[in-house]
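Below is one structure; the comments refer to it alone.
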4 protein chains.
Amino acid sequence: MASGIRVGVLGSGGKVGQAIVAAVEAADDMDFTVGVDKGDPLEAFTESNTSVVVDFTHPSAVMGNLEFLINNGIHAVVGTTGFTEERLDQVRGWLGDNPGVGVLIAPNFAIGAVLSMRFAAQAARFYDSVEVIELHHPHKADAPSGTAYRTAKLIGEARDKAGLGPSPDATTDELEGARGGVVDGVHVHAVRLAGLVAHQEVLLGTEGETLTIRHDSMDRSSFAPGVLLGVREIGRRPGLTVGLEELMDL
Amino acid sequence: MASGIRVGVLGSGGKVGQAIVAAVEAADDMDFTVGVDKGDPLEAFTESNTSVVVDFTHPSAVMGNLEFLINNGIHAVVGTTGFTEERLDQVRGWLGDNPGVGVLIAPNFAIGAVLSMRFAAQAARFYDSVEVIELHHPHKADAPSGTAYRTAKLIGEARDKAGLGPSPDATTDELEGARGGVVDGVHVHAVRLAGLVAHQEVLLGTEGETLTIRHDSMDRSSFAPGVLLGVREIGRRPGLTVGLEELMDL
Amino acid sequence: MASGIRVGVLGSGGKVGQAIVAAVEAADDMDFTVGVDKGDPLEAFTESNTSVVVDFTHPSAVMGNLEFLINNGIHAVVGTTGFTEERLDQVRGWLGDNPGVGVLIAPNFAIGAVLSMRFAAQAARFYDSVEVIELHHPHKADAPSGTAYRTAKLIGEARDKAGLGPSPDATTDELEGARGGVVDGVHVHAVRLAGLVAHQEVLLGTEGETLTIRHDSMDRSSFAPGVLLGVREIGRRPGLTVGLEELMDL
Amino acid sequence: MASGIRVGVLGSGGKVGQAIVAAVEAADDMDFTVGVDKGDPLEAFTESNTSVVVDFTHPSAVMGNLEFLINNGIHAVVGTTGFTEERLDQVRGWLGDNPGVGVLIAPNFAIGAVLSMRFAAQAARFYDSVEVIELHHPHKADAPSGTAYRTAKLIGEARDKAGLGPSPDATTDELEGARGGVVDGVHVHAVRLAGLVAHQEVLLGTEGETLTIRHDSMDRSSFAPGVLLGVREIGRRPGLTVGLEELMDL
């Protein structure tokens with residue numbers, strides 16, 4: 001007799017959706033109920049007595065999905081993008097009317113990326129110097145990556161708060177671009193290399209020692225453990241939670 | 001007009017002591033008062049109106065030093081080893097009679113080593129697998145290092161607490177020693193190489209991603225920033241503090 | 001009008017075979033002719049005017065395949081295992097009767113693995129110390145990996161030839177296994193971690209400096225560039241070539 | 001009875017000179033004869049029957065030193081900078097009159113840096129992508145380092161010769177500088193961080209795999225093993241040798 005968390009998936013036909021279905025099916029403490037794709041009725045979740053739904057769909061669909069899920073007492077774990085402050089307020093409104101329901105909305109489900117950012121921000125104030133190197137496959141359009149951008153911003157904030165000025169740098173003779181891009185005072189370097197997937201290093205240094213926090217995503221499945229973590233925790237966290245780190249008790 | 005923290009050094013004639021004197025003198029917010037070595041009178045600290053004393057001496061001397069300092073209202077930052085539970089209780093007793101005084105006793109003042117251990121322990125429960133690699137100069141007598149040993153123990157505790165079993169390992173055909181030593185269920189590898197100083201990597205992995213926390217000590221001065229941090233904070237922390245991490249608000 | 005090298009694949013139905021077919025089809029300077037699997041007639045290659053055949057089949061099939069290919073003037077690139085000295089002699093015999101044909105037999109087609117071994121062996125005599133760390137997914141049965149074993153043997157030979165003794169090591173107090181396994185005097189450490197694929201680091205050190213040669217295989221397709229290199233070169237190298245490195249003009 | 005190579009040092013009073021004297025004295029197969037500094041007579045070398053002299057002096061002094069050494073049959077290992085093609089021709093002229101004498105002039109005596117450059121150039125043609133990251137202490141004035149500059153130039157030449165175009169790069173949206181500086185088509189990133197000394201990574205990548213060649217100089221003594229190698233070899237290499245790699249039989 002099945003006794004796991006009953007989990008459904010929205011956007012189950014896409015690449016990401018399929019990977020999530022596979023991950024749910026492989027988890028000992030979960031039961032996959034039903035996948036719903038564009039055009040399918042959302043009632044499949046209520047009929048199957050689903051407890052948590054994972055939504056990796058589209059900004060144009062996600063608000064309708066959330067309204068239905070929340071009003072039917074179903075928790076949601078959401079990786080879909082496009083959440084403005086206005087949209088978050090709308091979700092909070094629906095949750096106000098359904099106080100037992102939990103919704104997690106997160107821009108990044110890679111646990112290692114989330115931990116890297118957190119640790120980098122925590123460590124930043126103890127070090128004179130910090131730089132970020134991100135390394136990706138050569139098909140990526142933006143440099144630096146969104147994660148590197150956010151990481152640098154979090155580090156910059158932590159340094160500001162600690163009253164640290166800019167990292168020391170005696171460069172007077174620079175080949176254009178050699179010292180990288182600068183985000184909130186933090187130098188960021190973007191490497192593009194065939195054979196890589198998605199990687200990031202934060203380097204922190206002070207007299208005589210350095211600390212390096214490196215995250216490697218080897219394949220696209222690296223969001224799966226974070227999604228499963230969200231599914232396990234969201235039932236105990238009524239209301240809106242933004243960011244996977246909020247569930248991680250760091 | 002001097003306005004920095006007035007800092008004295010015990011064991012000022014040794015290598016470590018000299019490095020601390022230099023670090024104090026280089027710090028904008030500190031004034032070096034006096035160095036005291038074996039045989040010199042401790043009264044030099046009271047006469048010089050010293051506020052905080054750093055003690056990197058010897059287990060045979062440190063208790064006498066602490067009794068004097070605490071009874072004279074001087075804060076202490078202690079890197080000397082050999083503190084048993086009994087000794088710590090003795091220090092707590094003296095501090096009970098001098099409630100305004102703060103004493104920090106820490107086995108490791110390398111900020112990066114302290115952060116590495118903390119982050120490794122925090123991250124451990126999110127990962128299926130974890131191993132530790134420490135790398136040192138070839139003159140080191142013990143393998144693994146004390147820091148690697150403690151790191152593995154902290155990780156093992158965190159995994160236990162999270163209900164994780166051993167890291168997956170399908171090895172059936174092993175050259176003796178290839179899989180490393182095992183500390184509390186965590187595999188630990190010790191590399192000895194000319195040209196290295198003191199380095200450690202914690203590798204954590206789950207489906208599709210890994211997180212690596214690496215600490216590099218390039219020279220013996222890597223304890224200095226941690227000692228200065230202790231000097232800055234201990235005046236605001238009356239009583240006994242054990243471990244630099246307790247001052248770091250992580 | 002086709003003008004590329006006409007390439008056929010033996011074992012085209014298997015995972016590796018399919019990856020090779022895809023790589024050949026994607027290469028601008030090659031035309032895929034035909035795939036042959038167990039039970040299919042080898043004449044498909046002569047009928048399709050194939051110039052080079054790639055064989056990733058089975059030790060029980062490969063000798064028959066090679067006899068046919070060589071006698072029909074078709075070059076071969078072979079990743080199938082199980083070649084004894086006796087078998088190599090047999091292949092040399094067939095080639096003696098067909099002097100224009102080239103055959104490449106290689107145990108490892110990952111260019112980075114081949115280069116790593118070569119560079120490690122070249123660098124070994126300039127360094128006091130050397131150790132090997134290999135890191136793999138946790139489903140691997142043997143520790144260390146075959147590549148790490150071969151790498152250590154090549155390094156050991158190079159050190160012997162240069163008259164170097166063992167790497168310096170002052171360890172007197174070792175947790176069992178912490179210092180790794182020993183292959184020909186070289187310490188080898190095997191890490192097993194979820195999220196990893198296949199990785200290896202050779203660390204070389206002398207006074208004040210270290211050199212690290214690291215190879216990362218991110219997925220199973222990492223043999224493809226080496227196979228294509230073999231296909232491009234083997235037509236100009238009549239006779240038997242053993243090992244991809246022989247084609248690389250290092 | 002001494003039986004080692006008799007080695008003298010020019011510029012023995014400087015930091016580098018002192019380190020070389022110490023390294024020579026520590027070498028089992030060498031005997032230190034005499035150190036000569038600015039103003040001291042060069043005859044000290046002939047009087048002490050010195051066989052090889054190491055010169056780390058100044059562009060304004062080195063030509064006079066070399067003329068004396070060569071004319072007196074003494075081999076030279078030279079780390080002094082400022083050698084134009086004209087100066088090299090002058091040295092060749094003196095050596096033409098003294099055919100038994102060997103002179104080594106090298107811009108870089110760090111064996112690891114020399115090997116890194118060589119291996120990077122050898123590997124370059126097998127990889128679609130290559131980038132260079134150099135990492136130094138924050139007191140460095142130029143970015144990228146001279147070694148990174150030379151490494152990129154050697155890689156660029158090797159790629160040109162192999163008919164490779166630029167590394168693939170789909171970047172369309174770049175924060176200024178994020179993708180680094182470009183030297184002969186190779187992206188180069190310069191990190192400046194407290195706690196670092198001098199480090200460099202060459203990253204090479206192709207479908208499914210990467211190769212990384214990393215060199216770490218932990219202290220200023222990292223030129224010593226290269227100098228000793230030069231001293232050992234130069235007696236057997238009459239004439240002018242430019243670059244340590246020429247003695248390394250790679």
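Chain letters run A, B, ... following the sequence lines, proteins first, then strands; residues in each count from 1.
Proximity to chain D among residues 140-152 of chain A is limited to A:K140, A:A141, A:D142, A:A143, A:P144, judged by heavy-atom separations below 4.5 angstrom. Residues from residues 242-250 of chain A never place a non-hydrogen atom less than 4.5 Å from a non-hydrogen atom of chain D. Contact annotation for residues 208-215 of chain A against chain D (heavy-atom separation below 4.5 Å, listed by residue number): A:G208, A:E209, A:T210. Of residues 173-183 of chain A, those residues with a non-hydrogen atom less than 4.5 Å from any non-hydrogen atom of chain D are, in numerical order, A:D173, A:E174, A:L175, A:E176, A:G177, A:A178, A:R179, A:G180, A:G181, A:V182, A:V183.
Taking chain D as the reference chain and counting heavy-atom pairs below 4.5 Å, the highest number among A:D169, A:D128, A:L135 is found for A:D169. The residue among A:V130, A:V188, A:V191 with the most heavy atom pairs within less than 4.5 Å of chain D is A:V191. Per-residue heavy-atom pair counts under 4.5 Å with chain A were compared for D:P138, D:G205, D:A194, and the maximum is reached by D:A194.
Note that CD of A:E201 is 7.0 Å distant from CD1 of D:I133, once rounded to the nearest 0.5 Å. Considering CG of A:D184 and NZ of A:K153, their distance stands at 3.5 Å, rounded to 0.5 Å. Here the CD-CG distance, from A:Q200 to A:D216, works out to 10.5 Å after rounding to the nearest 0.5 Å. For the atom pair D:L240 CG and D:Q90 CD, the distance stands at 12.0 Å (nearest 0.5 Å). Atom CG of D:D55 sits about 3.5 Å away from atom OG1 of D:T80, to the nearest 0.5 Å. For the atom pair CD of A:E134 and NE2 of A:H199, the computed distance is 10.0 Å after rounding to the nearest 0.5 Å.
The two residues D:F223 and D:A19 make their nearest non-hydrogen contact at CZ-CB, 4.0 Å. Nearest heavy atom pair, residue A:V114 against residue A:N108, reads CG2-O, 3.6 Å. In plain terms, the two heavy atoms of A:V197 and A:S217 that are nearest each other are CB-O, 3.1 Å.
The side chain to side chain contact (heavy atoms under 4.5 Å, CB included) test with D:S12 is passed by exactly one of D:V36, D:V54, D:D37, D:T57: D:D37.
Using a 4.5 Å cut-off between heavy atoms, D:H189 contacts chain A through both its backbone and its side chain.
Proximity of D:F126 to D:T206: side-chain heavy atoms (C-beta onward) are nowhere separated by under 4.5 Å. Residues A:V62 and A:F83 are in side-chain contact: their nearest non-hydrogen atoms beyond the backbone lie under 4.5 Å apart.
Between the side chain of A:R159 and the backbone N or O of A:G165, at least one donor-acceptor pair lies under 3.5 Å.
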